[in-house]
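Structure, as structure tokens:
So you know, we letter chains A, B, ... as the sequences are listed, proteins then strands, and number each from 1. Since we're looking at a predicted model, the values are computed, not measured. Only this structure's heavy atoms are used, side chains among them; waters, hydrogens and symmetry mates stay out.
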Protein chains: 2
Amino acid sequence: MPSLTKKKLSPVASAGLDESVRLEILSAAAEAFMKNGFAATSIDTVAEMLGATKGRVYYYYKSKADLFFDVYREAMRINLETIKPLAKSDQTPSERLSLMAHAHLMLILEHFPFQRVVTQGIEMHLSGSTTPDQRKALSALIAARDRYEQLFVDVVSEGIATGEFAAGDPRLKVKAVLGTLNWITIWYRPKSKQPSAQFADEFVNYITRGLRSPNSYWHNG
Amino acid sequence: MPSLTKKKLSPVASAGLDESVRLEILSAAAEAFMKNGFAATSIDTVAEMLGATKGRVYYYYKSKADLFFDVYREAMRINLETIKPLAKSDQTPSERLSLMAHAHLMLILEHFPFQRVVTQGIEMHLSGSTTPDQRKALSALIAARDRYEQLFVDVVSEGIATGEFAAGDPRLKVKAVLGTLNWITIWYRPKSKQPSAQFADEFVNYITRGLRSPNSYWHNG
DNA sequence: GTCTATACTAGGATAGAC
DNA sequence: GTCTATCCTAGTATAGAC
């Protein structure tokens with residue numbers, strides 16, 4: 001694959017020998033965005049983290065927004081890939097939901113910078129994206145986010161139908177569930193030591209109790 | 001009070017005839033920070049929202065960070081003032097916690113821009129604040145935030161002691177509770193129509209169930 | 001008190017050397 | 001592919017008029 005053919009096509013399309021470079025940039029960018037947010041992060045900083053200058057970064061991404069979007073996209077790819085099988089698995093809605101919540105929590109802890117970028121992406125307004133291409137890219141990412149959330153909504157809806165979960169608006173319930181977990185990206189600061197198993201249990205138990213119908217508390221205390 | 005005496009003292013200290021102007025600036029700033037975040041908000045934009053130029057803003061605040069901090073401070077003042085009486089009231093822990101959760105949700109909905117600034121403040125790093133004064137100001141605000149959270153932690157701890165709430169780490173439980181509610185500041189976009197009563201119920205019920213000990217489910221279904 | 005300059009810098013983005 | 005050099009805009013902050 002001669003270098004001419006991959007000159008500034010869409011970053012994702014330009015996969016080849018230098019895919020590893022792209023991933024390096026991606027993860028440096030995720031780290032930088034995590035620490036300072038999109039607006040306060042400079043391409044110089046990202047480059048510095050790579051031991052390079054912005055020339056390198058701009059070779060792969062034509063703008064800071066594109067770089068941000070690609071981090072976002074990568075995060076959603078991982079998330080969907082992880083959660084989808086659990087959502088469609090062959091178990092009761094409440095069992096599936098517990099697994100999904102636990103897995104989502106693990107995604108947050110294990111890919112923290114990426115998940116924080118997702119949070120920033122949710123807060124981000126389309127008004128910020130100047131070019132039409134960028135608006136399109138952001139819309140696509142929001143759509144991916146919606147599909148992800150829909151996996152949870154479907155399971156919760158099922159659970160309400162079976163009576164395992166309390167009646168109510170499944171969408172709001174999912175906002176509550178994901179809020180419980182995603183809020184971690186706001187206050188948590190990843191240190192050397194990983195959080196204990198109790199950490200995860202506390203959140204997952206809270207969620208399953210929070211959803212459970214009062215009538216079906218016997219499912220497992 | 002001659003105008004000389006209030007020349008650029010701490011913004012909060014400079015209360016007087018023009019307190020109303022300060023509040024106008026504060027709420028315009030909250031709105032602007034809500035929409036675009038701290039870094040992407042320009043003082044020009046804030047001034048424009050006031051139908052003025054930045055001269056006005058800089059007369060009251062010596063930097064953008066100071067302005068942000070004052071919005072944050074005002075938000076925490078309102079929050080503490082609202083929640084403290086409920087936390088100390090003469091009821092069972094679970095009753096108090098329900099009231100506090102409901103009140104916190106209402107604070108979010110009714111002072112949305114201010115609450116969103118609080119969220120941004122939590123994400124913000126001290127590394128961002130350059131001057132020593134600013135670091136001190138941010139520390140004080142973080143301390144206020146901690147006191148606020150502690151009100152919840154105390155009630156939850158009591159509830160665990162009485163057996164109303166499930167055993168576990170009260171701090172993590174409070175992170176879960178506040179996450180459920182504060183996450184609303186991330187995804188919610190205030191429109192003309194206020195959310196229904198069902199909106200609040202869904203969240204508060206989820207929270208109370210999430211905390212409740214399995215043994216004490218009979219308290220009220 | 002508020003406005004209109006204006007100084008000054010950070011940082012996005014591009015061009016062109018290598 | 002990556003770097004250096006450069007352009008250029010946006011935006012903080014201040015000075016000084018009114």
On a plain distance test, is the side chain of K54(A) in donor-acceptor contact with the base of dG12(C) below 3.5 Å?
-> yes
So, for Y148(A) and H104(A), is the gap between ring centers shorter than 6.0 Å?
->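 Ring-ring flag for Y148(A)/H104(A): true, centres closer than 6.0 Å.
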Ring center gap for Y206(B) and Y206(A) short of 6.0 angstrom | yes
Cation-pi, F165(B) ring and K173(B) (6.0 angstrom, 45 degrees) | no
Do the numbers put K175(A) on top of the ring of W187(B), so that NZ or CZ is under 6.0 Å from the six-membered ring centre and no more than 45° off the axis?
->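 Flagged: K175(A) positioned over aromatic ring of W187(B).
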Can you check the [X] [atom1] to [N] [atom2] distance for me, whole Å?
X       : N       : atom1 : atom2 : result
I25(B)  : dG1(C)  : CD1   : P     : 12 Å
D44(B)  : dT4(C)  : CG    : C1'   : 12 Å
Y61(A)  : dG12(C) : OH    : C1'   : 17 Å
R56(A)  : dG16(C) : CZ    : P     : 23 Å
E19(B)  : dG1(C)  : CD    : P     : 13 Å
Q134(B) : dA13(D) : CD    : C1'   : 12 Å
E48(A)  : dT2(D)  : CD    : C1'   : 17 Å
D66(B)  : dT12(D) : CG    : P     : 13 Å

Could you tell me whether D70(A) and R73(A) make a salt bridge, using a distance below 4.0 angstrom between a side-chain N and a carboxylate O?
-> yes
SB check E149(A) R171(A) (cutoff 4.0 Å) = no
State which of [options] makes the closest approach to the side chain of [X].
X      : options                  : result
Y58(B) : dC3(D), dT12(D), dT2(C)  : dT12(D)
T53(A) : dG12(C), dT4(C), dT4(D)  : dT4(D)
Y59(B) : dA13(D), dT12(D), dG1(C) : dG1(C)

First locate atom CG of D201(A), then atom CG of L105(A), and finally report the distance between them rounded to the nearest 0.5 Å.
-> 9.5 Å
Find which nucleotide of DNA chain C each of G55(B) and K64(A) is nearest to by heavy atoms, and output the residue with the more 5' nucleotide.
-> G55(B)
Can a side chain N or O of Y60(A) be found less than 4.0 Å away from OP1 or OP2 on dT2(D)?
-> yes
Near-strand residues of residues 34-43 of chain A, defined as heavy-atom separation under 4.0 angstrom from DNA chain D | none
